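To start, the structure under review is shown below, and the notes come after it.
When a ligand or atom number is given, it counts from 1 through the structure's own listing order. What you see is a predicted model, and the numbers here were worked out from it, not measured in a lab.
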Amino acid sequence: MSKKKPKLGQNFLTDPSARMRIVEALGDISTSTVLEIGPGRGALTGLLATRAYRLIAVELDRALAPRLAEAWKHAEHVRIHQGDILELDLAKLEEIPGSTQHGPLVVVGNLPYYITSDILLHLFAQANSIARAVVMVQEEVADRIAAKCGNSDYGVLSATAQMHARVEKLFVLPPEAFTPPPKVHSAVVRLDMRPRFEELQVERIGFMRFLQMCFHQKRKTLVNNLKGIPTPGVEISKSATVLSMIEAMGLSPSIRAEAVSLEAMAQLYRKLCSSC
Ligand code: SAM
């Protein structure tokens with residue numbers, strides 16, 4: 001008989017030392033507002049509440065959220081909010097009753113794996129409101145986020161993450177650290193948010209679209225991926241132009257996106273934009 005998938009990605013962390021290591025990876029949070037994503041049954045919530053200046057925890061489950069809210073109703077600095085993290089505008093957290101914000105956020109969560117990428121993209125889109133995030137993801141996702149350019153795991157998620165943050169893979173946990181155990185190993189990553197758009201002189205939305213195009217088909221060359229895909233904001237149609245620019249930058253005409261550094265990607269994007 002096949003086992004049912006846990007509802008809402010609910011694999012609860014039961015390993016006490018892992019809980020402590022995650023919270024410690026946040027560093028000193030005594031003056032920070034901490035946003036916890038998916039507190040569930042509160043595996044991290046208690047440890048966070050004793051250390052954070054303020055804690056806002058956002059849980060989608062309509063049964064778990066009120067239970068946790070009841071447990072923390074007397075702690076003035078803790079706010080449990082029932083809602084979807086993907087719908088939360090981090091710059092407007094103070095609109096949640098009782099949740100005044102205090103400087104850039106520190107984010108933490110053992111993420112629900114069915115929407116890991118969506119949550120990461122949501123956090124990156126709001127990187128200016130976040131100082132640091134420590135999140136548990138599937139190990140394979142952690143390897144992709146942290147992969148260095150040139151590595152076979154390096155792809156659009158790595159490039160996106162590394163345009164927004166300094167990434168560190170901290171430690172790995174086996175399925176037995178959770179109830180019910182997930183099918184995969186998990187890993188904790190720390191993201192120190194440092195968006196690089198200004199430094200690399202590229203506009204965020206346009207450059208993010210450009211990266212999507214560059215990695216569109218992983219096995220294709222960069223030139224072929226950039227050939228004739230009409231995307232609003234980035235009009236790239238002439239493969240001859242792309243090819244000549246790539247060659248002028250000293251890169252091989254058959255290079256793939258995974259081998260191109262973010263600095264070179266930004267240089268190519270700037271050249272293409274200025275030639276449009
Ligand atoms: N933090 C708890 C722990 O470590 O045991 C629970 C982690 S569990 C992997 C993920 C949690 O995220 C679940 O409690 C789930 O209900 C919640 N969740 C799922 N989707 C969510 C969403 N869109 N917004 C907020 N919470 C969500």
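Although no hydrogens or angles enter the test, the distance criterion places a donor-acceptor pair under 3.5 Å between the side chain of R190 and the main chain of A25. E59 places a side-chain N or O within 3.5 Å of a backbone atom of G40 that can act as its donor or acceptor partner. Side-chain N or O atoms of H122 include none that pairs as donor or acceptor with a backbone N or O of S117 at under 3.5 Å. Between the side chain of R270 and the backbone N or O of L200 there is at least one donor-acceptor pair closer than 3.5 Å. With Q162 contributing its side chain and A147 its backbone, the two residues share a donor-acceptor pair below 3.5 Å. In this structure, the side chain of R166 does not engage the main chain of M193 through any donor-acceptor pair within 3.5 Å. Remark: the backbone N or O of A65 is not paired with any side-chain donor or acceptor of Q82 at under 3.5 angstrom.
The protein heavy-atom contact nearest to atom 9 (C) of ligand 1 is G9 O, 3.1 Å. Among protein heavy atoms, the minimum distance from atom 2 (C) of ligand 1 is reached at P39 O, 3.3 Å. Of all protein heavy atoms, the one closest to atom 12 (O) of ligand 1 is G38 CA, 3.3 Å. Among protein heavy atoms, atom 10 (C) of ligand 1 sits closest to N110 O, 3.5 Å. Considering only non-hydrogen protein atoms, atom 16 (O) of ligand 1 sits nearest to E59 OE2, 2.6 Å. Closest to atom 18 (N) of ligand 1, if we only count protein heavy atoms, is P112 CG, 3.8 Å. Of the protein's non-hydrogen atoms, I85 N, 3.0 Å is the one closest to atom 24 (N) of ligand 1. Regarding atom 13 (C) of ligand 1, its nearest protein heavy-atom neighbour is Q10 CG, 3.6 Å.
Atoms of ligand 1 lying under 4.0 Å from at least one heavy atom of L60, given by number and element, are 20 (N), 21 (C), 22 (C), 23 (N), 24 (N), 25 (C), 26 (N), 27 (C). Those atoms of ligand 1 with a heavy atom of F12 less than 4.0 angstrom away are 5 (O), 6 (C). Which parts of ligand 1 touch L13 is read off a 4.0 Å heavy-atom cut-off, strictly below it: atoms 3 (C), 4 (O), 5 (O). For ligand 1 and D84, the ligand atoms under 4.0 Å from any heavy atom of the residue are 22 (C), 23 (N), 24 (N). Applying the 4.0 Å criterion to heavy atoms of I115 picks out, from ligand 1, the atoms 20 (N), 23 (N). Heavy-atom proximity to V58, at under 4.0 Å, picks out these atoms of ligand 1: 25 (C), 26 (N). Ligand-side atoms of ligand 1 in range of A43: 3 (C), 4 (O), 5 (O), range being under 4.0 angstrom from any heavy atom.
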Practice task
Start with the C-alpha gap between D61 and Q10, add the side-chain angles, then the distance that decides, and say whether side-chain hydrogen bond (donor to acceptor under 3.5 Å, both in side chains) holds.
Solution key: CA-CA 10 Å; D61 189 308; Q10 290 175 345; 2.8 Å; yes
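Ion pairing between E199 and R196 holds under the 4.0 Å rule for side-chain N and carboxylate O. Comment: K73 engages E70 in a salt bridge, judged by a side-chain N to carboxylate O separation of less than 4.0 angstrom. The existence of a salt bridge linking D153 and K148 is excluded, since no basic side-chain nitrogen approaches an acidic carboxylate oxygen closer than 4.0 Å.
Under 4.0 angstrom from ligand 1, there are no non-hydrogen atoms of L86. If you look at Y114 next to ligand 1, the close heavy atoms, those under 4.0 Å, all belong to the side chain.
Ligand 1 has G83 within reach: a non-hydrogen atom of the residue lies less than 4.0 Å from it. Heavy-atom separations between N11 and ligand 1 include at least one value shorter than 4.0 Å. For R41, the closest heavy-atom approach to ligand 1 does not fall below 4.0 Å. Using a 4.0 Å heavy-atom cutoff, I37 is absent from the residues neighbouring ligand 1.
The cationic atom of R144 (NZ for Lys, CZ for Arg) does not lie both less than 6.0 Å from the six-membered ring centre of Y154 and within 45° of the ring axis.
In this model, no donor atom of one side chain and acceptor atom of the other lie less than 3.5 Å apart for T116 and Q138.
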